[in-house]
Amino acid sequence: MCTKSYIFSIIIIRNIVSILNKKSSQLKQDSIHFSNSYLTLPDDFYTKIKPRIPSKPAVVNINAALAEELNLPLDYLNSVKGLDFLSGSKIVTGSDPIATVYAGHQFGHFSPQLGDGRAILLGEVIDKRNKRFDIQLKGSGRTPYSRGGDGNAALGPVLREYIVSEAMHALGIPTTRSLAAISTGDKVVRERILPGALLVRVAQSHIRIGTFEFFAARGRFNDVASLADYSIKRHFPKLKDKKDKYLGLLNTITLRQAKLIAKWMSVGFIHGVMNTDNMSISGETIDYGPCAFMDEYDPDQVYSSIDHQGRYKFSNQPKVVPWNLSRLAETMLPLIAKKPEEAVPEAQKIIETFETNYQKFFEKLMVRKIGVPFSKSKNDRKVFGHLQKFLNILKDQKADYTNSFLTLENHLTGKIIPKAYSTPDLNTQMELWLKDWISMLNHMNLDKKDVLKNLKVSNPRIIPRNHQIEKIIQKSVFNIQKGRLDFTAFENLTRVCSNPFKQHTNADKLILPPLASEKVYETFCGT
């Protein structure tokens, strides 16, 4: 009897342990702890809405490194329940999906109501550093702000944003990031019928200059104040108790934009649609539509098919931002002073700091690209002038921007430069520049090892080139249309671009600029 009782007890204990383990596993798999601080704002800031359920969702790629940073269990994301979450098929506990409203100046013209027309914010999570991040589905169906659009995303733009945003992060540039790309199994009608997809996007914030503009345009400055207070509490808490906190907010956003655009310019990145609804107050690159990295160096380079006047061409990017920031400042004038006109001089002073700060950050980044550490010495202006001569040579010869900087290592060490890199020819002008460059380095008593180190950490070997992205998109679309979920080429480019300063083996094709037949002259929005 005792033996039977003992065995029976063991069985009961094992069953209890099994049940507990299953519950523990369930808890682990549902351990996405959402918070929804944006819901503390008034109801007019958003609309509660559920994502459209895809017909046949499938994983294209999950960003394991980002998932780990966000404390999102990878085993859960790779499970059936994880796919339900990532595709928006099921709303997990704690998530309260919303589409946010905003306005914006688009190519200089004000649109009083825009908003998340094809994106839904699932909520916010806290990462390992105790920082808050939005998780948003892009391409998740129509919302009240779709303005006649279908709210869907085609596979191509999703892959483009995934590749480019992760490359930007690896380059050290503040950006939204891509947690996952999901094939929906649905068809999307654009110029032709395309396979549908979703991007699971992560950002510190999706608050835009246009969010402030929406309420200011309606004279609702109490709501502007609520948004400013929320932004300060969430993103800039050090300003919370300051008497001039709204001026401080404008100043901090201006500084972040100066740093961001300097980094764009240093790597030859062209955003393409720098409307105020595409400019984040957190200083992150957001809304990758017709974006591209420049191949041949050309300050007038435009890729976006909708930028007919070149408003957002490469060289105009630092000029556009102060204009955008001025629109933000206008919304905040009644917060800064009881009489808005009295706030104008102070706000203007802050906007004017953009150019000075931008130039400082830009020069710091660029002189390192020719091997010189940034300092406050008398040589800085001379060094930057020497850099400008190099850029002029690139422009004259239509040389590849990225690879031309890479070859400075070869010139310094005497290595042979492959002609396929499309870098400046060693004509008299270039030879003279190189001679002056070496002389300048020697005059500054710079150690060759230090120069090489600066070159290596400042000049990426790999960028996501437009023609490579287009090839990957075409191949991925073809595979899906043939019933194959094969994204090997996409995964390879994403992997290589995640280590842009590393010397990769078997990556020559990804380093080379496009042949004449491969050049991409126009890029397109995904809508």
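Sequence positions, counted from 1, serve as the residue numbers for this chain. Treat the numbers as computed from the prediction; the structure is a model and nothing was measured.
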Determine, stepwise, if the pair T175 / Y288 fulfils side chain to side chain contact (heavy atoms under 4.5 Å, CB included). CA-CA 10 Å; T175 178; Y288 292 89; 2.4 Å; yes

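- Considering every non-hydrogen atom in both C497 and I463, the closest pair reads SG-C, 4.1 Å.
- Two residues are said to be in side-chain contact when any heavy atoms from C-beta on lie closer than 4.5 Å; I462 and P460 fail this criterion.
- Residues Q204 and D134 have side chains that never bring a donor and an acceptor to within less than 3.5 angstrom of each other.
- Contact annotation: the side chain of L179 approaches that of L72 to within less than 4.5 Å [non-hydrogen atoms, C-beta and beyond].
- Y38 contributes atom OH, which lies 8.0 Å from atom OG of S205 (distance to the nearest 0.5 angstrom).
- Put simply, the side chain of H271 never gets that close to the backbone of C291: no donor and acceptor are under 3.5 Å apart.
- Checking side-chain atoms of H235 against main-chain N and O of I281 turns up no donor-acceptor pair under 3.5 Å.
- Residues D127 and F133 are in side-chain contact: their nearest non-hydrogen atoms beyond the backbone lie under 4.5 Å apart.
- Atoms OG and NZ, from S458 and K364 in turn, are 11.0 Å apart once rounded to the nearest 0.5 Å.
- Considering every non-hydrogen atom in both M265 and S315, the closest pair reads CE-CA, 4.3 Å.
- The two residues L39 and Y46 have their closest heavy-atom pair at O-OH, 3.3 Å.
- Looking at D307, its side chain does come within 3.5 Å of a backbone N or O of G310 through a donor-acceptor pair.
- Comment: K131 does not engage E69 in a salt bridge, judged by the lack of any side-chain N to carboxylate O separation of less than 4.0 angstrom.
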For N479 and F487: C-alpha separation, side-chain torsions, deciding distance, then whether side chain to side chain contact (heavy atoms under 4.5 Å, CB included) applies. CA-CA 8 Å; N479 284 339; F487 300 101; over 6 Å; no

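- The CG atom of L249 lies 5.0 Å from the CD1 atom of I232; values are rounded to the nearest 0.5 Å.
- Side-chain contact check for S37 and Y230: at least one donor-acceptor pair (N or O, by modelled atom type) lies under 3.5 Å.
- Counting only distance, with no hydrogens or angles, the side chain of S146 and the backbone of G148 share no donor-acceptor pair below 3.5 Å.
- L239 CG to D244 CG: the interatomic distance, rounded to the nearest 0.5 Å, is 8.5 Å.
- The list of side chain to side chain donor-acceptor pair (under 3.5 Å) pairs with a residue in residues 253-269, not counting sequence neighbours, reads W264-T285.
- Partner Y312 forms a ring-ring contact (aromatic ring centres under 6.0 Å, His included) with one of Y303, F269, W323, F107 and no other, that one being F107.
- Checked by atom type and distance alone, the side chain of N275 never pairs as donor or acceptor with a backbone atom of D277 at under 3.5 Å.
- Shown here is K245, whose NZ atom has more than 12 heavy atoms of other residues, nucleotides or ligands within 6.0 Å.
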Checking side chain to side chain contact (heavy atoms under 4.5 Å, CB included) for the pair I120/Q136: CA distance, chi angles, key distance, verdict? CA-CA 6 Å; I120 292 178; Q136 184 193 67; 5.9 Å; no

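- Without hydrogens or angle criteria, R327 side chain to G104 main chain gives no donor-acceptor distance under 3.5 Å.
- Between R142 and D150, none of the side-chain N atoms (NZ, or NE/NH1/NH2) sits under 4.0 Å from a carboxylate O, so this pair counts as no salt bridge.
- Within a 6.0 Å sphere centred on CD of E68, other residues, nucleotides and ligands contribute 12 heavy atoms or fewer.
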Apply salt bridge (Lys or Arg N to Asp or Glu O under 4.0 Å) to the pair R201 and E161, showing each step before the final yes or no. CA-CA 9 Å; R201 185 162 75 177; E161 180 158 350; 3.1 Å; yes

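- Judged by distance alone, the side chain of T184 and the main-chain N or O of G196 form a donor-acceptor pair under 3.5 Å.
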Check the pair I62 / L74 against side chain to side chain contact (heavy atoms under 4.5 Å, CB included), numbers first and verdict last. CA-CA 9 Å; I62 293 176; L74 194 57; 3.9 Å; yes

Report the C-alpha distance between D116 and T143 in whole Å, list the side-chain angles of each, state the deciding distance to 0.1 Å, and finish with yes or no for side-chain hydrogen bond (donor to acceptor under 3.5 Å, both in side chains). CA-CA 7 Å; D116 293 330; T143 76; over 6 Å; no

Donor-acceptor pairs under 3.5 Å, side chain of residues 343-355 to any protein atom, not counting sequence neighbours: which ones?
residue: T353; atom: OG1; partner: I350; partner atom: O; Å: 2.4

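- Considering every non-hydrogen atom in both G88 and I53, the closest pair reads O-CG1, 4.4 Å.
- The side chain to side chain contact (heavy atoms under 4.5 Å, CB included) search around S87 returns P54, P57, S89, I182, L198, not counting sequence neighbours.
- Side-chain contact of S305 with E522: a donor-acceptor pair under 3.5 Å is absent, judged by distance alone.
- Residues S282 and S280 have side chains that bring a donor and an acceptor to within less than 3.5 angstrom of each other.
- Two residues are said to be in side-chain contact when any heavy atoms from C-beta on lie closer than 4.5 Å; K471 and R465 fail this criterion.
- Rounding to the nearest 0.5 angstrom, the gap separating the CD1 atom in I472 from the OH atom in Y162 is 13.0 Å.
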Assess whether side-chain hydrogen bond (donor to acceptor under 3.5 Å, both in side chains) is satisfied between T47 and Y145, documenting all intermediate values. CA-CA 9 Å; T47 298; Y145 316 118; 2.7 Å; yes

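- Judged purely by distance below 3.5 Å, without hydrogens or angles, the side chains of N324 and T276 never pair a donor atom with an acceptor atom.
- Salt-bridge check for R234 with D229: failed, with every basic side-chain N at 4.0 Å or more from each acidic carboxylate O.
- The cationic group of R220 does not satisfy the cation-pi geometry with F215, failing either the under 6.0 Å distance to the six-membered ring centre or the 45° limit from the ring axis.
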With side-chain hydrogen bond (donor to acceptor under 3.5 Å, both in side chains) as the test, would you mind laying out the steps for N152 and R52 before giving the verdict? CA-CA 9 Å; N152 299 321; R52 179 183 59 82; 3.2 Å; yes

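- Using a distance-only test at 3.5 Å, with no hydrogens or angles considered, a donor-acceptor pair links the side chain of N316 to the main chain of R311.
- Counting all heavy atoms, side chain and backbone alike, F361 lies closest to A262 at CB-CB, 3.7 Å.
- Taking a cutoff of 4.0 Å between a charged side-chain nitrogen and a carboxylate oxygen, R484 and D486 do not qualify as a salt bridge.
- The number of heavy-atom neighbours closer than 6.0 Å to CD1 of I193, taken from other residues, nucleotides and ligands shown, is 12 or below.
- Q309 CD: 12 or fewer foreign heavy atoms inside a 6.0 Å radius.
- Proximity of a side-chain donor or acceptor of S95 to a complementary backbone N or O of I91 within less than 3.5 Å is not detected.
- Residues R118 and S140 have side chains that never bring a donor and an acceptor to within less than 3.5 angstrom of each other.
- R218 is listed as a side-chain neighbour of P112, based on a closest heavy-atom distance under 4.5 Å.
- Judged purely by atom type and a 3.5 angstrom limit, E166 uses its side chain to pair as donor or acceptor with the backbone of S178.
- Taken to the nearest 0.5 Å, the CZ atom of F45 stands 10.5 Å off from the OG1 atom of T100.
- Across all non-hydrogen atoms, the minimal contact from L86 to L77 is CD1-O, 3.9 Å.
- Remark: R177 does not engage E284 in a salt bridge, criterion side-chain N to carboxylate O under 4.0 Å.
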